[in-house]
Novice: 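Take a look at the following structure, please.
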Amino acid sequence: VKILHEYIETITGLDRVHSSRFELFNDSSITIKKFDNLLRLVQPGKVVTCYKYIQGVIDDSVAFAEKWLQYQTLWDTTLEELSAYLSGDFDKWRETIKEFREARVLLDCGSEDVAFGPISVSYFQIQSQVSLKYDAWWQDILRLYTNFLGDQIQSHLDELSETKESLEKIHLHPATNTTDLLRGVTFLRKTNEKMSSWKQISIDLSDGEKLARKFNRKMPQHWREVSLTSTTLSLLNQALLKRQQYVQENVSVLQRRVKQA
């Protein structure tokens, strides 16, 4: 805008050619000595168009600069804050990894400068710094995610193993004392109610492990394979079905045993 004003000032500040410079055409009545009234001869719409174009160029260049300023978040955010945000939500983890990977790919655009009209912006240096920061964050995110996934697998495996062990210890024989008999039947019911959620957790963990292996060439030492949870869940289900079948086959005897207590 300043340059446009300078151009206008230069043009409108030019001296007019007067007839007084020539002896044959000497007219002292001419008072307009400059072209300062030139803008009044231009259609207002054309002047507005020029200003809109200039403002558009400025807005585009500012928006481009602000886009790069948004990457400051990479320096302002801590691993603790990211970990707290993601918490134990598998969907958040998957979405974050996906978005992070896509954003990193966009940085490798193969260009180092961009022009907005007469404004040229070179962003090679900041692009390099942001790319390096992204790569550092990527390694940290993979490490956090792998640790989180490993803890979830271990926790799920422990819960299934403990439930299976407890299930194998319950006694449902009619000779069993009433308290243990009722406790065993109640444990069967609660275990059966949890089976569907345990199956979904195993599926989520399996999908999570596939995602981890997609980006990790080597999993951490002492890694517990997620397949162990599926195997343990299958054995638990078999033990549960066996005891449920026993209850169904002896339901009348067990009911009579409880009533006699």
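None of these values were measured; they are calculated from a predicted model.
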Novice: If we ignore angles and hydrogens, is there a donor and acceptor under 3.5 Å between the side chains of Gln154 and Trp223?
Specialist: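 No, no side-chain donor-acceptor pair sits under 3.5 Å.
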
Novice: Cluster question for you: counting only ILVMFWY and a side-chain heavy-atom cut-off of under 4.5 Å, with indirect links fine, are Leu211 and Met219 together?
Specialist: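 Leu211 clusters together with Met219.
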
Novice: Working to the nearest 0.5 angstrom, can you tell me the gap between Leu160 CG and Leu236 CG?
Specialist: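 So the CG of Leu160 and the CG of Leu236 are separated by 6.5 Å.
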
Novice: Does some side-chain heavy atom of Arg104 sit less than 4.5 Å from a side-chain heavy atom of Ser131?
Specialist: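 Ser131 reaches Arg104 side chain to side chain.
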
Novice: Hey, do the aromatic rings of Tyr145 and Phe100 have their centres closer than 6.0 Å?
Specialist: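 No - the distance between ring centres of Tyr145 and Phe100 does not fall below the 6.0 Å cut-off.
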
Novice: Taking everything shown except Glu81 itself, do over 12 heavy atoms lie less than 6.0 Å from its CD?
Specialist: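 Yes.
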
Novice: State which residues pass ring-ring contact (aromatic ring centres under 6.0 Å, His included) with Trp137; sequence neighbours excluded, sorted by chain then number.
Specialist: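 With neighbours one apart ignored, the set is empty.
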
Novice: With heavy-atom distances below 4.5 Å as the criterion, would you say the side chains of Leu107 and Tyr134 are in contact?
Specialist: yes

Novice: Rounded to the nearest 0.5 Å, how far apart are CZ of Arg224 and CG of Leu205?
Specialist: 13.0 Å

Novice: Just by distance, do the side chain of Ser155 and the backbone of Asp151 share a donor-acceptor pair under 3.5 Å?
Specialist: no

Novice: Kindly compute the distance separating CZ (Arg243) from CG (Leu167), expressed to the nearest 0.5 Å.
Specialist: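 One gets 5.0 Å once the value is rounded to the nearest 0.5 Å.
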
Novice: Heavy-atom distance under 4.5 Å between the side chains of Ile201 and Thr229, does that happen here?
Specialist: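 Side-chain contact under 4.5 Å: no.
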
Novice: Ignoring hydrogens and angles, tell me if any N or O in the side chain of Ser87 forms a donor-acceptor pair with the backbone of Ala84 under 3.5 Å.
Specialist: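 No, the answer is negative, given that no donor and acceptor are paired below the 3.5 Å cut-off.
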
Novice: Classify the angle between the aromatic ring planes of Trp68 and Phe64 as parallel (below 30°), tilted (30 to 60°) or perpendicular (above 60°).
Specialist: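 Perpendicular, since the angle between the ring planes exceeds 60°.
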
Novice: We want to know whether Gln200 and Asp204 form a side-chain donor-acceptor pair, criterion being a heavy-atom distance below 3.5 angstrom.
Specialist: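 Yes, a side-chain donor-acceptor pair sits under 3.5 Å.
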
Novice: Would you check if the side chain of Ser206 reaches a backbone N or O of Ser202 as a donor-acceptor pair within less than 3.5 Å?
Specialist: no

Novice: Taking atom NZ of Lys98 as the centre, report whether more than 12 heavy atoms of other residues, nucleotides or ligands fall under 6.0 Å from it.
Specialist: no

Novice: Do Thr163 and Lys194 make a side-chain contact, defined as non-hydrogen atoms from C-beta onward lying under 4.5 Å apart?
Specialist: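 With C-beta onward as the side chain, the pair stays apart.
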
Novice: Just jot down the salt bridge (charged side-chain N to carboxylate O under 4.0 Å, His left out) partners of Glu95, sequence neighbours excluded, or say none.
Specialist: none

Novice: What is the distance from atom CD1 of Ile54 to atom CD1 of Ile58, rounded to the nearest 0.5 Å?
Specialist: 7.0 Å

